[in-house]
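Worksheet for the structure shown next.
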There are 2 protein chains.
Amino acid sequence: MKSSLKIIPLGGLGEIGKNITAIEYEDEIIVIDCGVSFPDDDMLGIDLVIPDINYLLENQDKVKGLFITHGHEDHIGSIPYILKQLNMDIYATRLTIGLIASKLEEHNISKESLIPVKEGDVIKFNKLSVEFIRATHSIADACSLAIFTPLGTIVHTGDFKIDYTPIDGRVMDLNRLSALGEEGVLLLMADSTNVERSGHSLSEKTIGETLNRILDGATGRVIVATFASNIHRMQQIVDASLKENRKICFSGRSMENVSKVAMELGYLHIPEEAVISVDELNNHDNNKITIITTGSQGEPMAGLSRIAYGNHRKIKLERDDLFIISASPIPGNDKMISKVINQLYKKGAEVIYEDLEDVHVSGHAYQEELKLIHSITKPKYFLPVHGEYRHLKHHADLAKKMGMKGENIFTMENGDVLEISEEGAKISGKIRTGVLYVDGIGVGDVGNIVLRDRRNLARDGMVIIVFAIDMENFYLASGPDVITRGFIYARENEDIINEIKEVSRQKIEECLLEQSTGWQVLKGSVRKSVEVLLFEKTKRKPSVFPIIMDV
Amino acid sequence: MKSSLKIIPLGGLGEIGKNITAIEYEDEIIVIDCGVSFPDDDMLGIDLVIPDINYLLENQDKVKGLFITHGHEDHIGSIPYILKQLNMDIYATRLTIGLIASKLEEHNISKESLIPVKEGDVIKFNKLSVEFIRATHSIADACSLAIFTPLGTIVHTGDFKIDYTPIDGRVMDLNRLSALGEEGVLLLMADSTNVERSGHSLSEKTIGETLNRILDGATGRVIVATFASNIHRMQQIVDASLKENRKICFSGRSMENVSKVAMELGYLHIPEEAVISVDELNNHDNNKITIITTGSQGEPMAGLSRIAYGNHRKIKLERDDLFIISASPIPGNDKMISKVINQLYKKGAEVIYEDLEDVHVSGHAYQEELKLIHSITKPKYFLPVHGEYRHLKHHADLAKKMGMKGENIFTMENGDVLEISEEGAKISGKIRTGVLYVDGIGVGDVGNIVLRDRRNLARDGMVIIVFAIDMENFYLASGPDVITRGFIYARENEDIINEIKEVSRQKIEECLLEQSTGWQVLKGSVRKSVEVLLFEKTKRKPSVFPIIMDV
């Protein structure tokens, strides 16, 4: 009898970002993707959120390799951090490898673990093997994976859409998926992001027509903000610009990086003389310039915002500039983007964005595309992946509507272990998963307590009460002094500062009279009475820190 | 020759919320609306944002009254705060007055300044007079205003849509607007919120059909989250529930408040026996219960979130509950709402929301409705209002497309003074406007410096270095002690705390050796060297506070 197969999502299931999944059979584990996510609003000061790979570390002898479906941040962003904990061979197609390599360089990590593959390649281990299958997505060189196991084949779509007219002409390999379906697919894991959208997504090519029309009418500079990773979008902007004899200037760190990698590897085609640097902009007429920049999500530190608010070092907004925001707001970013659009209009520029023109299409499959994949792969079991919980739920519903039995569908959360054996499939347990916060160069040294303190400080600021006590003779040697930050405008509110001092002094002297009171009690007593005073006077709850010096 | 007329938006122009406009002719000023807005993410700890009415205070002898178009927070929310600074007669229709009255009661403010009016009423002063004109919007009893001035008539639409089948049967008074157009409209001020949407908004009545169908199939409790102020929506939920013999329970403070006011004033019709309190829920079968609650924006402290996360005091989620979110995300809230939806699904409930069914329509006019208003009022000048700057800009474009001359259209910002005389109209100046932050009971005592401090504290926390110095003899009497909050998990990072002490001690001793160094220099020197140390070691920038005690 065969052993059982375990599928364990370590991150990214039922949430956005940090995709990482382990597939385990006996003494072999393969890992799929290794993404990062960006902090929620309440994760104050956090730069990045990476998955806790405790499970992989405990089983590191089993880990055979990391397989990357495509080069988006939520699939590759944690690699530099994870490699520091666990060295793995990394398999991916050429562009993806190029993007990972430039990340590793930034972190000064050796690139020797990177192994480029091409579609159709099969990486074989003793019991598991992995085949790369061409897919289409909003980044070039995306792949689905087939994982062959002693119990049957797993198809993992990766992030995908079905684009019959992709920019590079390389349509998703539906024939291969179909052949796998004929042979028998044990488990399908499929992208759920757009399951709430009916119909079929539009081809990336439709954007090109809109861009041609817009650029045809543009009389000044054209400044396009888009995702740095969307090389096909970049190519279409380039093509539309070249038609109008415009030079191309890439601006913004990630835009410069990615375009460089993509050009070197042959994924982005531009005649050398058509590319100009930001310093050369002044050598060309405005109507001969297209700038492709970062910041399509309204990020305050990225290119688009800097230009809008006049703090870009090299690019100053001009009144005949035409801005194109060729992107959709990622949930949570709509307000930031709207602010940038307002600012651009205030400065007199023209702005074209998704609400006005078809300047963006999604990279994720809609309902009819998902149905196609279910239909041709004919899986025995189904595990919806990629998307928030609501999307997984709706993807499960879609599979049911297509005739799958509810008990063969698994709507899971991170850490749930899906165990498949010859008897059947079930969620057989839960392993520890979680996240680590990256803040500056620290990984994991900011936890929930630190974040709670930041939130408290952020809400109503803080009040420090400092005083010196001669503990031998039980008298107040100095203070109390009061320092506030973020609480109230102290210069105009001296009364309240004086009241804090008064209340504190009273408490200190009461405690000193007793002579036996410990410092903790003294501190607690001062804190409590100041908190009560401040809430009564202001209905605020600043963090109150009494500090005692022993002299 | 006649004097000139001034139109001065004091808030709400080119942004969401806190609408307030002054219209001035000689010694008379009338004020339109007095709204509040909610803090942006970076306004840490702020509860509300209200307009700075400095201009009205400086001209308070001229102010004749405050005219309210409808009872939404962004039109009435600042009234309690503004009335404390400037007493004004307040004119509004009955429901609006009812909603304002309940606000004033909460703030213990006299209601004697409230003057209920009905549509068609004209309030006359010496030079200015104001007529209330029936409009349709996502709250009952909404009005447009005609302001008659010696120079001509101003039409202010207020927030509106054109609903030919409103729930109360009271269609917007297009005939009156048309008659005013025939007589000649000097200036049109019109709602721009939905100017980016083509076509015509759907009637509120369409929601009723969807609700009927959904409730017809519901087998357990139905829990609907919607805007408390949308009384027509409430009525439709009630009607669909009564058809299925369900009892109605209003839950959540604002939902209870508004439904009470609306029932008392006859805007919401429910047989008395059909309303049950939250304590009576257990007396009825689940399939005979509809709960109408707050929290449709995913607000963590409101009804829907509390039920979802299991911390509602009275309502526990059950597996056959059907939730309906009858609202659209206000920009910035999509992530919060999505979290609540995910949580409801995880708990096994069913959820219906805008992406899945037509359970919400907008209350603001789309392009074809706006064109209708422009067309029948035939204004000489046009001032787009209500909406972000991009919307004002597109509304101006729409007017131009309809044949208006660009020089007769004014896309303005808050504080701009539009001055109209017999010679023409122009932006003739700018007055001081701005906002005041409400935090707890304090109004205006948290300003930009306090907010900057909160942001700094929130980002990387703080490090306090405290030491006592005998300044007569220039020696370090005690310390330095180090206290951190929100910076790093201190217990696991003793090394860095010790390094902070070491660096500080060194600096202090260097300074003391010189004997002449002032405290500010000493503090600055300690702060600087600790900041450098911490950035080098952690790439973080906590707020560093050196505190010296003199003993």
Side-chain angles (χ1 to χ4, degrees), chain A residues 14 40-41 44-45 196 331-332 334-335 338 341-343 345-346 351 355-356 388-390 393 413 439-442 445-447 449-451 453-462 464 466-468 477-479 481 483 485-489 492-493 537-540 543 545 547 549-551, chain B residues 14 40-41 44-45 196 331-332 334-335 338 341-343 345-346 351 355-356 388-390 393 413 439-442 445-447 449-451 453-462 464 466-468 477-479 481 483 485-489 492-493 537-540 543 545 547 549-551:
Chain A
D40 280 351
D41 289 340
L44 299 168
E196 291 177 3
D334 52 351
K335 223 166 157 176
S338 210
I341 293 172
N342 289 330
Q343 181 62 19
Y345 276 131
K346 278 186 199 171
V351 195
D355 293 344
L356 307 178
E388 298 177 46
Y389 193 87
R390 63 191 242 198
K393 204 273 180 188
E413 296 188 57
D439 182 3
I441 54 176
D445 62 352
V446 170
I449 295 174
V450 173
L451 280 186
D453 287 342
R454 287 185 187 173
R455 276 193 289 269
N456 286 342
L457 290 167
R459 193 189 49 213
D460 285 326
M462 62 159 188
I464 300 171
V466 58
F467 46 97
S478 178
D481 290 344
I483 295 148
R485 281 294 185 289
F487 164 54
I488 204 163
Y489 195 53
E492 290 178 359
N493 291 278
K537 294 277 173 185
T538 66
K539 289 279 177 296
R540 292 177 206 167
S543 302
F545 304 112
I547 300 175
M549 299 245 62
D550 179 13
V551 290
Chain B
D40 279 351
D41 289 341
L44 298 168
E196 290 177 5
D334 52 352
K335 222 166 159 178
S338 209
I341 294 173
N342 289 330
Q343 181 63 17
Y345 277 131
K346 278 187 199 170
V351 195
D355 292 344
L356 306 178
E388 299 176 47
Y389 193 88
R390 63 191 241 197
K393 203 272 180 187
E413 297 189 57
D439 181 3
I441 53 177
D445 62 352
V446 170
I449 295 174
V450 173
L451 280 186
D453 287 342
R454 287 185 186 172
R455 276 192 290 269
N456 285 342
L457 290 167
R459 193 187 51 211
D460 285 326
M462 62 160 188
I464 299 171
V466 57
F467 46 97
S478 179
D481 290 343
I483 295 148
R485 282 290 185 289
F487 165 53
I488 204 164
Y489 194 53
E492 291 178 357
N493 292 278
K537 294 276 172 184
T538 67
K539 290 277 178 298
R540 292 179 205 167
S543 302
F545 303 112
I547 300 175
M549 299 246 61
D550 179 13
V551 290

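Below, chain A is the first sequence line, B the second, and so on; all start at residue 1. Owing to the predicted nature of the structure, the values given are computational and were not obtained by experimental measurement.
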Between A:Tyr489 and B:Ile449, does a side chain to side chain contact (heavy atoms under 4.5 Å, CB included) hold up when you go through it step by step? CA-CA 8 Å; A:Tyr489 195 53; B:Ile449 295 174; 3.7 Å; yes
Using side chain to side chain contact (heavy atoms under 4.5 Å, CB included), reason through B:Asp40 and A:Lys335 one step at a time and then give a plain yes or no. CA-CA 9 Å; B:Asp40 279 351; A:Lys335 223 166 157 176; 3.5 Å; yes
Between B:Asn493, B:Leu451, B:Leu356, B:Asn456, the one whose heavy-atom pairs under 4.5 Å with chain A are most numerous: B:Leu356
Nearest 0.5 Å please: distance from the CD1 atom of A:Ile547 over to the CD1 atom of B:Ile483. 3.5 Å
Report yes if the side chains of A:Arg485 and B:Met462 come closer than 4.5 Å at any heavy-atom pair, otherwise no. no
Side chain, backbone, both or neither: which part of B:Lys393 has a heavy atom under 4.5 Å from chain A? side chain
Carefully, step by step, assess B:Ile464 and A:Ile464 under the rule side chain to side chain contact (heavy atoms under 4.5 Å, CB included). CA-CA 9 Å; B:Ile464 299 171; A:Ile464 300 171; 3.0 Å; yes
Contact class of B:Gln343 relative to chain A, heavy atoms under 4.5 angstrom: neither
Of the non-hydrogen atoms in A:Met549 and B:Ser478, which two are nearest, and what is the gap between them? CE-OG, 3.5 Å
For B:Asp460, is it the side chain, the backbone, both or neither that has a heavy atom under 4.5 Å from a heavy atom of chain A? both
Are any side-chain N or O atoms of A:Asp334 and backbone N or O atoms of B:Gly332, one a donor and one an acceptor, separated by less than 3.5 Å? yes
Could you check whether B:Asp439 pairs with A:Lys539 (Lys NZ or Arg NE/NH1/NH2 to Asp/Glu carboxylate O, under 4.0 Å)? no
Looking only at non-hydrogen atoms, find the nearest pair between A:Phe487 and B:Val450 and report the distance. N-CG1, 3.8 Å
Counting heavy-atom pairs under 4.5 angstrom with chain B, the leader among A:Val351, A:Val466, A:Asp481 is A:Val466
Which heavy atom in B:Arg459 sits nearest to a heavy atom in A:Arg454, and how many Å separate them? O-NH1, 3.2 Å
As an exercise: rank A:Gly447, A:Gly14, A:Ala458 by heavy-atom pairs under 4.5 Å with chain B and give me the winner. A:Ala458
Does A:Asn342 reach the main-chain N or O of B:Arg390 with its side chain, forming a donor-acceptor pair under 3.5 Å? yes
Should B:Val446 and A:Ile488 be marked as a side chain to side chain contact (heavy atoms under 4.5 Å, CB included) after you check the CA-CA gap, both sets of side-chain angles, and the distance that decides it? CA-CA 6 Å; B:Val446 170; A:Ile488 204 163; 5.6 Å; no
Where B:Ser338 and A:Glu388 come nearest, the two heavy atoms and their spacing: OG-OE1, 2.7 Å
Considering residues, nucleotides and ligands other than B:Lys537, do more than 12 of their heavy atoms fall under 6.0 Å from its NZ? no
Contacts of type side-chain hydrogen bond (donor to acceptor under 3.5 Å, both in side chains), residue A:Asp41, not counting sequence neighbours: none
